[in-house]
Structure formats: C-alpha cells, structure tokens
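Quick notes on the structure that follows.
Every chain is numbered from 1, with letters handed out A, B, ... down the list of sequences.
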Amino acid sequence: MLQVNFLRQNRELAKAKLAIKHFGQLELVDAAIALDDERKQLQASFDDTQSKVNAASKEIGGLMAKGEKDKAEALKNEVAEWKKQLDPLKVKMAEVETSLHNTMVQFPNLPHDIVPVGKSPEENVLVKEAGAKPNLHKDAVPHWDLIKKYNLVDFETGAKITGSGFPLYIGKGAKFQRVLAQYFLDFNTAAGYTEYLPPFMVNETSAFATGQLPDKEGQMYHATADNFYLIPTAEVPVTNIFRDTILKESDLPIKMTAYSPCFRREAGSFGKEVRGLNRVHQFEKVEIIQIVPPEKSDDVLNEMVTHVENLLISLGLPYRILKLCGGDMGFASAITYDFEVYSAAQQMWLEVSSVSNFQAYQTYRMKCRYKDAEGKTQFTHSLNGSSLALPRIFAAIVENYQTETGIALPKVLQPYFGAENLV
RNA sequence: GGAGAGGUGGAUGAGUGGCUGAAAUCAGUAGUUUGCUAAACUGCCGUACGGGUUAAACUGUACCAAGGGUUCGAAUCCCUUCCUCUCCGCCA
C-alpha cells in the first residue's frame with residue numbers, strides 16, 4: 001500500500017509513475033489527499049473536544065473526593081454537552097478513514113525508475129539469454145506425451161478426484177517432485193536462507209497484508225466456513241511472519257525459504273499454453289523471501305536474480321531473464337524479473353520464476369518496521385522470488401533430457417534421485 | 001466438540017473504576033567508575049495519528065488480545081469474537 005504522505009509530497013511524480021503501471025484512475029491521487037486533509041481536520045477538533053472531556057472527568061473525580069457533589073453535577077452536565085458533539089465527529093471520522101483506506105488500497109505499487117514502459121508481455125525487455133538449447137532426437141515429444149508414456153503424472157485421475165488442473169503424480173513422477181523440492185531447498189539454505197514450513201491456509205489479515213486481497217480475491221480458493229484462504233504462494237504465510245513487528249537493524253537481512261503447494265483458481269485461463277503441466281490449479285513451489293533495509297533492496301534484488309540464475313544453470317536448462325514492463329508487472333511489485341526456461345519439445349519459453357522487489361508496499365501494509373542506526377523507526381523492504389516453481393521445471397527437464405530410450409537427469413539431481421536417469 | 005482458567009509494554013509480572021501509558025525485575029541503550037573475558041552505579045528505554053519546530057524540545061488523542069456496551073471517568077464492570085493453557089471427548 002502506498003502512503004498518503006508520499007502522495008502529498010510527490011503528487012505529480014506519483015501520477016506519472018502510476019501511469020507507467022497503466023493505472024487508470026489518476027484522479028484518485030488528488031481524492032486521497034483531499035480525504036486525508038479532511039481526516040486531519042476532523043481529528044483536530046475531535047482531539048480538542050475529547051481533551052476537554054478528559055480534563056473535566058479528572059476534575060469530577062477530585063470534586064467527588066472532596067464531597068462537592070453540586071459542582072461535580074454541574075460539570076457532568078457540561079461534559080454531556082461536549083459528548084453530544086463528539087459522537088457525530090466520531091462517525092464522520094470513521095467514514096472518512098474508511099473511504100481514505102478504500103482509496104489507498106486501489107493504488108498499485110509505483111514502478112522502479114528502471115522499469116521499462118510498456119503494456120503487454122511483448123514489451124518486456126530481454127536481459128539475458130543463456131544455456132544451450134538441446135538437439136532432441138527426431139521422435140521427441142512434449143511432456144504431456146512423455147508423462148503418459150512413462151506413467152509419471154495422471155491428469156485424468158486427478159480430475160476424477162478433484163477437478164481439472166489437479167495433477168496426480170505417480171511413482172517416479174511423484175519422487176521427482178520430492179527430489180526437486182529438496183534440491184531447491186538445499187540450494188537455498190546453502191546460500192543462507194532459513195527454511196520454513198508454513199501453514200498452507202491463511203486468514204484474511206495475512207492475505208491482505210501481502211496484497212492478495214483485495215486485488216486477487218477471485219484467484220484464491222476460499223474456505224468459507226472458517227474464512228481461510230488456500231495460499232497461492234508461500235510468500236503469503238512466510239512474509240506475514242513479520243507482520244506487526246519492529247526489527248532491530250542487526251536482524252536484517254532476513255532470508256527465508258519455504259516449500260509449499262500453491263493453489264490458484266486461474267479463472268479465465270485457457271488454450272494451448274495451459275496444456276499439461278504448464279498451468280495447473282495446484283502446484284509445488286519453493287520460494288525465497290528477504291526482508292532488508294530500504295537502501296539495500298536494489299542490491300539484494302540483483303543478488304536474488306543471480307541466485308536463481310545459478311540454480312537454473314546447475315540444472316543445465318536454457319533460460320532467459322526478462323525485465324517486466326510497467327503493464328505486465330504485478331500489483332504490489334516495484335520491479336520484477338521473470339525467468340523462463342526453454343522447453344525444446346514445445347518450442348516455447350516457460351516462466352519458472354518471478355523475482356520482485358516490493359519495496360515498502362507490503363511492509364507498510366504489514367507494519368513491518370525496523371530501527372535504523374539513528375534509532376528511527378522506518379519500513380523495511382520485502383523481496384521474493386520463486387526458487388523454483390516445480391511443474392514447469394519438471395516439464396522442461398523431462399522434455400529437454402528425453403532420449404530415445406528414456407529420460408536422463410541433470411548431474412546435480414542424480415545423487416538426490418539415486419539414479420542417472422529418471423526413467 | 002464439552003468443562004474450567006487465562007490473554008497487560010521486548011520478556012517475566014503487579015495492578016479489580018479516577019492519583020496507571022501503566023509498578024517492579026530482567027533484557028536493551030548511553031554514561032561514570034573500578035580495571036582483566038566482567039561487576040557496580042546513574043540516566044534513557046512502546047506504538048500510531050494530529051499540533052508544533054529548520055530539526056528537536058514541547059504538546060493533544062488513541063491503544064493493556066479484537067470489536068461493541070455501561071459510566072462524568074474503564075486495563076479494571078458487561079456482551080461478542082479470536083487465541084492460549086488444563087481436564088474430558090475424538091483423532092493422523
């Protein structure tokens with residue numbers, strides 16, 4: 001969430017940056033500031049009156065103790081008059097605060113200075129492309145054929161149990177998922193990330209804090225009986241660990257990693273790009289999250305990008321890194337790099353990681369602060385990235401490592417899997 | 001799910017209607033002193049939103065799980081919800 005004081009001090013800059021994100025209601029900036037002005041005014045008169053009430057109440061206590069009942073009664077009447085003024089003020093103030101809040105939550109995060117202008121994925125900027133694309137044998141096929149051939153994943157039975165997009169992994173397919181998750185977690189903890197295993201459902205407050213609510217209400221599965229949301233990513237529960245906390249500077253940076261299943265309704269998705277494991281409602285992911293001092297977040301973003309890049313290199317997959325343009329970025333992000341791996345059999349790039357700096361957008365909502373060297377309390381910055389999302393890595397490895405007789409494994413995974421080949 | 005107890009500042013923990021934004025202890029922090037991996041003493045030590053200031057100082061309001069109520073006045077009384085603990089039930 002943006003801070004209204006920032007809008008007040010940077011009115012035109014904020015509008016310009018919101019435009020890069022293709023935010024259509026720039027007039028809300030002025031509306032928010034006007035509401036805040038009104039709020040301040042109301043608070044001033046409310047505080048003033050309340051102050052009189054408090055002082056008088058104290059005096060009444062003294063008078064009662066001295067037994068001066070008449071004077072006390074007279075004062076009580078005065079207080080009653082003031083309180084009549086107080087009630088409507090209170091109501092009005094709550095109204096204004098609510099509309100200010102409702103306005104503020106509509107603003108997406110402002111893009112970082114280096115975010116390219118653009119509207120659609122085609123305008124994302126290619127930062128780097130590396131890794132050799134494999135030369136597949138002539139009968140090579142996409143993963144949806146391979147998983148059937150080798151009985152690794154069964155979509156039909158998953159659909160019978162739950163619905164489409166809920167894959168059932170079988171045998172070596174299931175084991176491969178476990179192996180990938182473990183390898184990723186080990187890779188992350190070796191880089192100093194602490195491993196967490198969080199709850200897979202969160203309450204409304206947590207979903208709001210990381211920005212899933214109100215923006216992505218329809219994208220999450222909602223357990224209405226208890227008003228819990230199934231997490232769309234481990235980012236939500238893990239980032240919320242530090243909701244409503246004031247950290248010490250020495251606590252930072254906080255580096256966390258977590259495995260979790262992710263549940264996404266993906267309402268409105270269809271077509272060829274959602275085939276097989278490319279897009280599913282339930283998938284596994286290992287996430288990395290950092291909470292850092294504001295002045296460090298640019299460097300840390302680069303560090304995280306390099307980290308994910310090294311992980312992909314270790315898997316021997318051809319990859320590319322894209323810097324997302326303003327129109328393709330997430331609601332809460334200030335800058336995002338997407339990682340895609342090349343699926344040789346589909347002849348398509350598959351997004352496997354998205355690394356973002358949220359700056360203070362999440363931490364302001366969450367009230368995650370720290371005391372800096374001068375003892376001033378300020379908001380931390382939060383960043384996160386996938387490291388990595390499993391199904392598309394699964395798909396890419398299965399496709400790129402397929403041979404005429406089976407499916408090989410990247411070297412780093414062989415000791416984890418206990419074999420040189422997947423099948 | 002049933003019965004009971006409870007939720008106070010970073011921690012422990014006092015406080016059952018006004019003198020409590022909240023004792024005390026510990027932790028933290030700044031300093032003094034003696035000096036050897038440290039001790040003693042002294043000061044400071046919650047957050048949010050306002051006013052004020054170049055910045056401070058200073059100052060108003062709110063917050064003792066959350067929300068509502070009673071009262072001139074609530075951490076303290078009442079109601080609802082959430083959470084924790086103990087016992088019982090159920091159970092991976």
Side-chain angles (χ1 to χ4, degrees), chain A residues 1-9 32-105 197-209 213 223-229 237 240-252 254 261 291 360 363-380:
Chain A
M1 191 154 74
L2 299 180
Q3 299 174 50
V4 67
N5 277 340
F6 179 87
L7 295 184
R8 182 188 296 281
Q9 285 154 22
I33 294 168
L35 280 168
D36 193 45
D37 287 338
E38 195 181 348
R39 197 202 100 244
K40 283 189 189 183
Q41 214 167 36
L42 286 167
Q43 191 184 335
S45 47
F46 178 86
D47 284 1
D48 193 53
T49 310
Q50 184 62 252
S51 173
K52 284 195 245 174
V53 170
N54 288 348
S57 295
K58 211 166 231 184
E59 209 180 325
I60 290 170
L63 290 171
M64 300 284 264
K66 278 190 267 173
E68 301 185 43
K69 285 227 170 86
D70 292 348
K71 282 190 179 176
E73 284 304 322
L75 254 184
K76 276 193 197 181
N77 290 334
E78 264 189 80
V79 169
E81 284 305 308
W82 288 325
K83 288 190 75 175
K84 274 185 204 158
Q85 301 170 24
L86 233 39
D87 285 336
L89 268 176
K90 216 192 237 170
V91 172
K92 185 73 188 151
M93 209 152 70
E95 273 172 26
V96 171
E97 272 168 14
T98 304
S99 25
L100 176 59
H101 181 259
N102 291 342
T103 305
M104 292 309 294
V105 295
L197 184 62
F200 299 150
M201 291 195 213
V202 294
N203 58 31
E204 209 174 345
T205 310
S206 293
F208 178 81
L213 293 178
T224 51
D226 296 287
N227 199 25
F228 293 154
Y229 292 89
N240 269 284
I241 293 169
F242 293 98
R243 168 153 53 82
D244 289 321
T245 54
I246 300 181
L247 298 157
K248 288 179 284 189
E249 196 177 29
S250 57
D251 294 332
L252 304 177
I254 289 167
I291 293 173
T363 53
Y364 177 62
R365 279 194 189 203
M366 283 201 302
K367 308 224 172 349
C368 174
R369 293 150 293 173
Y370 83 109
K371 277 197 197 302
D372 65 17
E374 279 109 52
K376 278 189 84 172
T377 303
Q378 57 172 314
F379 289 97
T380 57

**Opposite nucleotide pairing with B:C45, Watson-Crick or G-U, both atom distances under 3.5 Å** = none

Please tabulate, for side-chain N and O atoms in residues 79-101 of chain A, each donor-acceptor pair with protein atoms closer than 3.5 Å (sequence neighbours left out).
unit_1, atom_1, unit_2, atom_2, d
A:Glu81, OE2, A:Lys84, NZ, 3.2
A:Thr98, OG1, A:Ala94, O, 2.8
A:Ser99, OG, A:Glu95, O, 2.9
A:Ser99, OG, A:Val96, O, 3.4

**Prompt:** How far does the P atom of B:U42 sit from the matching atom of B:G18, given to the nearest Å?
**Reply:** 31 Å

**Asked** Given the P atoms of B:U34 and B:U25, what is the spacing between them in whole Å?
**Response** 26 Å

**Message:** Taking only the C1' atom of each, what is the distance from B:G28 to B:U86 in whole angstrom?
**Reply:** 35 Å

**Prompt:** Can any side-chain N or O of A:Thr380 pair as donor or acceptor with the backbone N or O of A:Cys368 at less than 3.5 Å?
**Reply:** yes

**Interatomic distance at P, B:U81 relative to B:C45, whole Å** = 40 Å

**Opposite nucleotide pairing with B:A56, Watson-Crick or G-U, both atom distances under 3.5 Å** = none

**Asked** Which whole number of Å gives the distance between the C1' atom of B:U33 and that of B:C41?
**Response** 8 Å

**Prompt:** Does anything in residues 74-93 of chain A reach RNA chain B, meaning a heavy atom under 4.0 Å, and if so which residues?
**Reply:** A:Lys76, A:Val79, A:Lys83

**Request:** List in chain and number order the residues that pass salt bridge (charged side-chain N to carboxylate O under 4.0 Å, His left out) with A:Glu73, two or more places apart in sequence or in another chain; answer none if no residue qualifies.
**Result:** A:Lys76

Sub-3.5 Å pairs of nitrogen or oxygen atoms, protein against nucleotides 17-20 of chain B:
unit_1, atom_1, unit_2, atom_2, d
B:G18, N2, A:Ser57, O, 2.7

**Asked** Partner of B:A5 by Watson-Crick or G-U wobble geometry, both contacts under 3.5 Å, or none?
**Response** B:U84

**Prompt:** In the 5'-to-3' direction, what one-character label does each nucleotide of nucleotides 56-62 of chain B receive under the scheme B = base within less than 4.0 Å of a protein heavy atom, S = sugar-phosphate only, - = no such atom?
**Reply:** ----BSS

**Request:** Applying salt bridge (charged side-chain N to carboxylate O under 4.0 Å, His left out), name anything that partners A:Arg365, two or more places apart in sequence or on another chain.
**Result:** none

**Request:** Report the residues that fulfil side-chain hydrogen bond (donor to acceptor under 3.5 Å, both in side chains) with A:Asp372, sequence neighbours left out, ordered by chain and then residue number.
**Result:** A:Gln378

Please list every donor-acceptor pair under 3.5 Å in which a side-chain atom of residues 58-72 of chain A meets a protein atom from a residue at least two apart or in another chain.
unit_1, atom_1, unit_2, atom_2, d
A:Glu68, OE1, A:Lys71, NZ, 3.4

**Item:** Span that lies between the C1' atom of B:U16 and that of B:C91, in whole angstrom
**Value:** 41 Å

**Partner set under ring pair (Phe, Tyr, Trp, His ring centres under 6.0 Å) for A:Tyr229, not counting sequence neighbours** = A:His222

**Asked** Would one find a side-chain N or O of A:Arg369 under 4.0 angstrom from OP1 or OP2 of B:A48?
**Response** yes

Mind listing the side-chain donor-acceptor pairs of residues 40-53 of chain A below 3.5 Å, one per line with the distance, residues two or more places apart or on another chain?
unit_1, atom_1, unit_2, atom_2, d
A:Gln43, NE2, A:Asp47, OD2, 3.2
A:Ser45, OG, A:Gln41, O, 3.4
A:Ser45, OG, A:Leu42, O, 3.2
A:Thr49, OG1, A:Ser45, O, 2.9

**Pairs involving residues 240-251 of chain A, ordered by first then second residue, that meet salt bridge (Lys or Arg N to Asp or Glu O under 4.0 Å) (sequence neighbours left out)** = none

**Request:** Please state whether the phosphate of B:G50, meaning OP1 or OP2, lies under 4.0 angstrom from any side-chain nitrogen or oxygen of A:Arg39.
**Result:** yes

**Message:** Once side-chain hydrogen bond (donor to acceptor under 3.5 Å, both in side chains) is applied, do any residues pair with A:Asn54, and if so which ones, sequence neighbours excluded?
**Reply:** none

**Asked** For the pair made of CD in A:Gln3 and C1' in B:C49, what is the distance, rounded to whole Å?
**Response** 13 Å

